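Have a look at the structure below before the remarks.
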Amino acid sequence: GFLANCLSSSETPIHLGLIMQALQRIMKVFVTRRIPPEGLAVIKQSGVTLELWDSDEPVPRAELLKGISGAYGVVCLLSDKIDAEVLDAAGPNLKVISTMSVGYDHLSVEEIKKRGIRVGYTPDVLTDATAELSVSLLLATSRRLIEAAAEVKNGGWSSWKPLWMCGYQLSQSTVGIIGLGRIGLAIAHRLKPFGVKKFLYTGRQPRASAASEIEAEFVSLSKLAEESDFIVVSCALTSETLGMCNKDFFSKMKKTAIFINISRGVVVNQDDLYQALATGQIAAAGLDVTTPEPLPTSHPLLTLKNCVILPHIGSATYSTRNTMSVLTANNLLAGLRGEPMPSELQL
């Protein structure tokens, strides 16, 4: 009522500015991790009451439940499961959840929607960095870079041999992309100049406009598995894609094919992938995502020379991570002010 009276008053401009400043000062925001400095600076400058889990390691569950209590906004990461228990702990003040990620499978979307809480996320800004990493991972896997570098160090490099350390090349190949979204398309654009002969893609429905940019053909998952020399998984995690790359899928792939996953670890059945790699059913695999993360050092996949595993570093460039943190901060502040967010997830 007080705010409404002020809004209708003739002295609105002066009053409103002061009121907004006062309101922001009493709004507590919980940030679940030490995020890159540029984003943190934006939040601090806004004048909100900032509570930060000041560590590079994930916030323990108990600390998350404590820290979010009474918060108007929360900044979270992929490792923070925001479910009914967390939302209950937050209480009725919570207006906005801003995640520093493009993926949102760590958020209980239905619970959030039910409570009328807005969600900000960071699509687009990490597309280029993730696409670059995906191409790096594909080339490192197909040309056996990690294995070859190890041979230099362990004395395995003797003389030049015609077939030693041979891999598979992109020129004249068929590349299959599972999920031709922003990142899938960006990967395809970067692979095309290598002389790829043909692009195939699959997903929930054809994406004619995106596909026309790379002259890609929409096919079934089975056909993509059977015909591709390189397969890149860049889809979102849904009930349909969970465990999609399994024994049946790998059995359809060429023995000379390379499998790359940059989406989510659980899209792949890792036991089935291990069997496919260990028995020579497929040539090699490169993963930037696993289940769980981090992958235990005793995991069977880590014993294989034809499997390259990276620690989920798709968007890990200084510029992209800083940009992500600023967008996360701006989404948060826009949500607190009841303004349109730069990147709002439509629930």
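From a predicted model like this one, the values you see are computed outputs, not experimental measurements. Any value given below was found using the heavy atoms of this structure, including those in side chains, with hydrogens, waters and symmetry copies removed. Here, residue 1 is the first one in the sequence, and each next residue gets the next number.
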| message | For S315 and R321: C-alpha separation, side-chain torsions, deciding distance, then whether side-chain hydrogen bond (donor to acceptor under 3.5 Å, both in side chains) applies. | response | CA-CA 7 Å; S315 63; R321 290 282 169 88; 2.9 Å; yes

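- Put simply, the side chain of V96 reaches to within 4.5 Å of the side chain of L336, judged on heavy atoms.
- With contacts defined as side-chain heavy-atom distances shorter than 4.5 Å, the pair C245/V233 qualifies.
- A donor-acceptor pair under 3.5 Å is absent between the side-chain atoms of N331 and the main chain of A334, judged by distance alone.
- Annotation: ring-ring contact (aromatic ring centres under 6.0 Å, His included) contacts involving residues 264-323, sequence neighbours excluded, are absent.
- Nearest heavy atoms, P58 versus W53: O-NE1, 3.7 Å.
- Summarising the geometry of L191 relative to V196, their closest heavy-atom pair is O-CG2, 3.4 Å, with the distance given to 0.1 Å.
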Set out, in order, the CA-CA distance, both residues' side-chain angles and the distance that settles side-chain contact (heavy atoms from CB on, under 4.5 Å) for D56 and R33, then state yes or no. CA-CA 6 Å; D56 288 327; R33 191 89 63 92; 5.5 Å; no

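- Atom CG of residue L327 and atom CE of residue M341 lie 10.5 Å apart, to the nearest 0.5 angstrom.
- Under the salt bridge (Lys or Arg N to Asp or Glu O under 4.0 Å) criterion, the residue pairs touching residues 236-250 are D248-K252, with sequence neighbours excluded.
- A salt bridge between K223 and E217 is present, with a side-chain N of the basic residue lying under 4.0 Å from a carboxylate O of the acidic one.
- Every residue two or more places apart in sequence or in another chain was checked for a salt bridge (Lys or Arg N to Asp or Glu O under 4.0 Å) with D272, and none qualifies.
- Residues in residues 338-347 take part in these side chain to side chain donor-acceptor pair (under 3.5 Å) pairs, two or more places apart or across chains: R118-E344.
- Considering CD1 of I214 and CD1 of I177, their distance stands at 5.0 Å, rounded to 0.5 Å.
- The stretch residues 69-90 participates, sequence neighbours left out, in no ring-ring contact (aromatic ring centres under 6.0 Å, His included) pair at all.
- Between C76 and L107 the shortest side-chain heavy-atom distance falls below 4.5 Å.
- Within the 4.5 Å cutoff, side-chain heavy atoms of L277 are placed close to those of I282.
- Listed by first and then second residue, the salt bridge (Lys or Arg N to Asp or Glu O under 4.0 Å) pairs that reach into residues 168-186 are D124-R182, sequence neighbours excluded.
- Remark: K198 does not engage D229 in a salt bridge, criterion side-chain N to carboxylate O under 4.0 Å.
- Shown here are the side-chain hydrogen bond (donor to acceptor under 3.5 Å, both in side chains) partners of E227, two or more places apart in sequence or in another chain: there are none.
- At least one side-chain heavy atom of P162 sits less than 4.5 Å from a side-chain heavy atom of W160.
- Screening residues 65-81 for salt bridge (Lys or Arg N to Asp or Glu O under 4.0 Å) gives E63-K66 as the qualifying pairs, with residues at least two apart or on separate chains.
- For I313, the side chain to side chain contact (heavy atoms under 4.5 Å, CB included) test picks out L133, D288, L310, P311, A316, with sequence neighbours left out.
- Cluster partners of L78, using a side-chain heavy-atom cutoff of under 4.5 Å among ILVMFWY residues and allowing indirect links: none.
- At least one side-chain heavy atom of V86 sits less than 4.5 Å from a side-chain heavy atom of L65.
- Checked for salt-bridge contact, K114 and E110 miss the test: no charged N lies under 4.0 Å from a carboxylate O.
- With hydrogens and angles disregarded, a donor-acceptor distance shorter than 3.5 Å links the side chain of E293 to the backbone of T290.
- Within the structure, no pair that satisfies the salt bridge (Lys or Arg N to Asp or Glu O under 4.0 Å) test touches residues 306-317, not counting sequence neighbours.
- Taking the six-membered ring where the residue is Trp, the centroids of F259 and F250 are separated by under 6.0 Å.
- Distance CD1/I68 to CG/L94: 5.5 Å, rounded to 0.5 Å.
- Considering OG of S142 and CD1 of I258, their distance stands at 5.5 Å, rounded to 0.5 Å.
- Residues satisfying the ring-ring contact (aromatic ring centres under 6.0 Å, His included) test with F30, not counting sequence neighbours, are none.
- S79 and H106 share no donor-acceptor pair across their side chains, judged by distance under 3.5 Å alone.
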